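Below you'll find the structure, written out as C-alpha cells, and then a few comments.
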Number of protein chains: 2
Amino acid sequence: MVNPAKFDRQQVVEQAMLLFWQKGFHATSMRHLQQAVDLRPGSLYATFGSKEGLFREALQQYAAHGERLLAQLHAQEGSALRALQLFFHQAIIEQGGRAPSRMCLLAKTVAELTDANAELLAEARCQLKRMEQAFLRLLQQAQADGELASGCLPEQLAPFLQMQMMGLRAYMQMSCDPATGERMLQQVFMPLRVVPS
Amino acid sequence: MVNPAKFDRQQVVEQAMLLFWQKGFHATSMRHLQQAVDLRPGSLYATFGSKEGLFREALQQYAAHGERLLAQLHAQEGSALRALQLFFHQAIIEQGGRAPSRMCLLAKTVAELTDANAELLAEARCQLKRMEQAFLRLLQQAQADGELASGCLPEQLAPFLQMQMMGLRAYMQMSCDPATGERMLQQVFMPLRVVPS
DNA sequence: TTTGAACATGAACGACTGTTCAAGGCATAA
DNA sequence: TTATGCCTTGAACAGTCGTTCATGTTCAAA
C-alpha cells in the first residue's frame, strides 16, 4: 500500500447510515453525506462508487449490528425467548428517542424504494429475511428449552413476530407514546408464554 | 363564475394520489404529476399552491376512501367484527397486486417524512389516528353485539389492530407471499373470536 | 361587440441533484 | 533525492428540482 486512506471506512459507513436512517434514501443528498462524513466527492466515489453503493453498505452495516445485538442478548441472558423480548423492548421502547428514527432502517427502505432502485430494494428485503431467520432459530431454541408452548409452530411464529416488529415500530413512528408501546409489546409476547398446567 | 376550470379537481387529486402512493413524496416530481394529471404547472399551482398542498389533499382523499369503505362494509355485512376482518382482507390480500403499493399511503408517509415537512407528517399521523378511532367504534359495537369476547378491552385492542394492520402491509411489501399473508391474518383475528362455552 | 376577470400555457428561474476529473499533496520504494 | 503511484481536493458538469409569471385564451356580463 503506497498511500493508505486517512479515513476509517467503517466509521464513514456508520455516519452515512445514521443520516440515511434519519432522512431516508431520497431526502439524503450526497452533499449532506459529504459534510457528515467529512469527505470530498472524489474520495466518496472512489470508495463506494455511487450513492447506491454507499447506501448498500449502510444497509448491511445496520443489519449486521442488529444480528450481533440479538446474538449478544442470547449469550448474556441464556434464555432465547428472553433475548427476543429484550431485543423487541430495546428496539421499540429504549432506543425510541435516541435513534435517528423509531422505525427500522430496513423497513423504511422497503417502504420508500421502488423498482427504480431494484438492487437496494432486494438488499433490504434480503436483510429483513435474515433477521426473520434469526428469530426462527431463537424460537426453535426456546421451544427445545421448554420456554415456548409446545403447541406453537416456530415456522409460523417467526414471520408473525417479524410482522409485529415492523408494525410496532411503524406505530411508534406514528404515535410516539411509550406507554402504548409497552402495552402492545406485552400483547405480542403474552400468547408465547407457556401456560402453567 | 366567469370561466370555470376545465378539469375535475377530485379526479386530479385521485391521479396524484395514485402516483404519490406508488413512488412516495420525494420521488414523485411535479413534472411527473403534471404529466399524470395532464395539467400545466400554472394550473396546478393556482389550484393547490404547492407540491405539499397537492400531497395534503391526496392524503385526505386516501383516508376518506378508507373510512368510506369501512363504513360500507359494516353496512352491508351487519356484523362489525366481520366488517373489520373483510377490511383487513381487502387491504392485505385482495388489493395486494392491483394497488400502487402494498403498504398504506399514510404509513408510507409517516415512514418517509421528517420534521422538514412537519405539516404533512402531522396530517398523515392525524388520519391514521382517525382510522384507529373507526376501528375502536367497530370493536365497541362488536362487543355490544356479543361478537367480541367480553374480556377484551376495545381501547387496547384498537391500537393493537392498527399496529398489526401497519405490520401486515409492511410485511407484504417485503415478502409478497399471499399464503403467509392469509395465515398471519388468521393469527391476528383468532384471539378476537368468542370462545364457545 | 366590447369588456374584463378567470383560466391555460410553457418558457424560464435559481437552487440543488448525483457525478466527474484535472490538479496537487503525500508516502513509500528505488 | 527522485520517481511512482495512490489519495485528496474542489471546481465544474449536465440534468432535474419546485416554482413563477408574462402571455394568450376563453367566456359570461354589459
Side-chain angles (χ1 to χ4, degrees), chain A residues 1-13 15-59 109 112-121 123, chain B residues 1-13 15-59 109 112-121 123:
Chain A
M1 190 69 74
V2 181
N3 191 18
K6 282 144 198 69
F7 58 89
D8 178 352
R9 182 186 184 115
Q10 180 159 328
Q11 210 165 313
V12 165
V13 174
Q15 287 301 315
M17 183 265 277
L18 293 175
L19 212 65
F20 279 128
W21 192 3
Q22 180 184 56
K23 306 164 77 79
F25 179 73
H26 285 117
T28 303
S29 73
M30 287 304 282
R31 295 231 169 14
H32 270 134
L33 287 163
Q34 289 157 27
Q35 186 180 347
V37 306
D38 192 30
L39 281 182
R40 263 39 66 194
S43 301
L44 269 182
Y45 277 86
T47 310
F48 301 102
S50 65
K51 186 188 183 184
E52 296 209 356
L54 177 52
F55 188 67
R56 169 180 297 111
E57 290 210 22
L59 287 179
T109 300
E112 180 184 2
L113 296 190
T114 65
D115 294 333
N117 303 95
E119 298 159 30
L120 293 177
L121 186 50
E123 180 71 37
Chain B
M1 189 68 74
V2 180
N3 191 18
K6 284 145 196 69
F7 57 88
D8 178 354
R9 181 186 183 115
Q10 180 159 328
Q11 210 166 315
V12 164
V13 175
Q15 287 301 315
M17 184 265 276
L18 293 175
L19 213 63
F20 279 129
W21 191 2
Q22 179 183 54
K23 306 163 77 82
F25 179 73
H26 284 117
T28 304
S29 73
M30 287 305 280
R31 292 204 160 53
H32 271 135
L33 287 164
Q34 288 157 27
Q35 187 180 347
V37 306
D38 192 30
L39 280 182
R40 264 35 68 193
S43 302
L44 268 181
Y45 277 84
T47 309
F48 302 102
S50 65
K51 186 187 183 185
E52 296 209 354
L54 178 52
F55 189 67
R56 170 181 296 111
E57 290 211 23
L59 287 179
T109 300
E112 181 184 2
L113 297 190
T114 65
D115 294 333
N117 304 95
E119 299 159 31
L120 292 178
L121 186 51
E123 180 70 37

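Note that the structure is predicted; figures quoted are calculated from it, not measured. Residue numbers start from 1 in every chain, and the chains themselves are labelled A, B, ... in the order their sequence lines are given, proteins ahead of strands.
Distances were taken from every side-chain heavy atom of A:K51 (C-beta onward) to each of D:dG18, C:dG18, D:dT20; the shortest belongs to C:dG18.
Atom CZ of A:F48 is separated from atom P of C:dG18 by 16 Å (rounded to the nearest Å). Atom-to-atom, OH of A:Y45 to C1' of C:dT17 comes out at 9 Å; the value is rounded to the nearest Å. Regarding A:L44, its CG atom lies at a distance of 16 Å from the C1' atom of C:dC21, rounded to whole Å. Atom CE in A:M30 sits roughly 16 Å away from atom P in D:dG10 (whole-Å rounding). Rounded to a whole Å, the CZ atom of B:R31 is 11 Å from the C1' atom of C:dC13. Taking atom NE2 of A:H26 as the reference point, atom P of D:dT16 lies 14 Å away to the nearest angstrom. A:F55 places its CZ atom 17 Å from the P atom of C:dT17, with the value rounded to the nearest Å. As rounded to whole Å, 14 Å separates atom C1' of D:dG18 from atom NE2 of B:H32.
Taking 4.5 Å as the limit, every side-chain heavy atom of A:D38 sits out of range of all side-chain heavy atoms of A:F7.
Between A:D8 and A:K6, no side-chain nitrogen of the basic residue sits less than 4.0 Å from a carboxylate oxygen of the acidic one, so the salt-bridge criterion is not met.
Within 6.0 Å of the CD atom in B:Q35, the count of heavy atoms belonging to other residues, nucleotides or ligands does not exceed 12. Around NE2 of A:H26, the count of heavy atoms belonging to other residues, nucleotides or ligands within 6.0 Å exceeds 12.
Ranked by how close their nearest DNA chain C nucleotide is to the 5' end, A:G49 and B:K6 are led by B:K6. In this structure, A:T47 and A:P41 both approach DNA chain D, and ranking their closest nucleotides by distance from the 5' end singles out A:T47.
Residue A:S43 is classed as a base contact, given a heavy-atom separation below 4.0 Å to a base. Among the protein residues, B:T28 comes within range of the sugar-phosphate backbone only, with heavy atoms under 4.0 Å from sugar or phosphate atoms but none that close to a base. Contact annotation for A:F7: backbone-only contact, meaning every heavy-atom pair under 4.0 Å involves sugar-phosphate atoms and none involves a base. No engagement by B:E52 is indicated, since no non-hydrogen atom pair under 4.0 Å with the nucleic acid exists.
The aromatic rings of A:F20 and A:F25 lie parallel to each other, their planes meeting at an angle below 30°, with 60° marking the opposite boundary.
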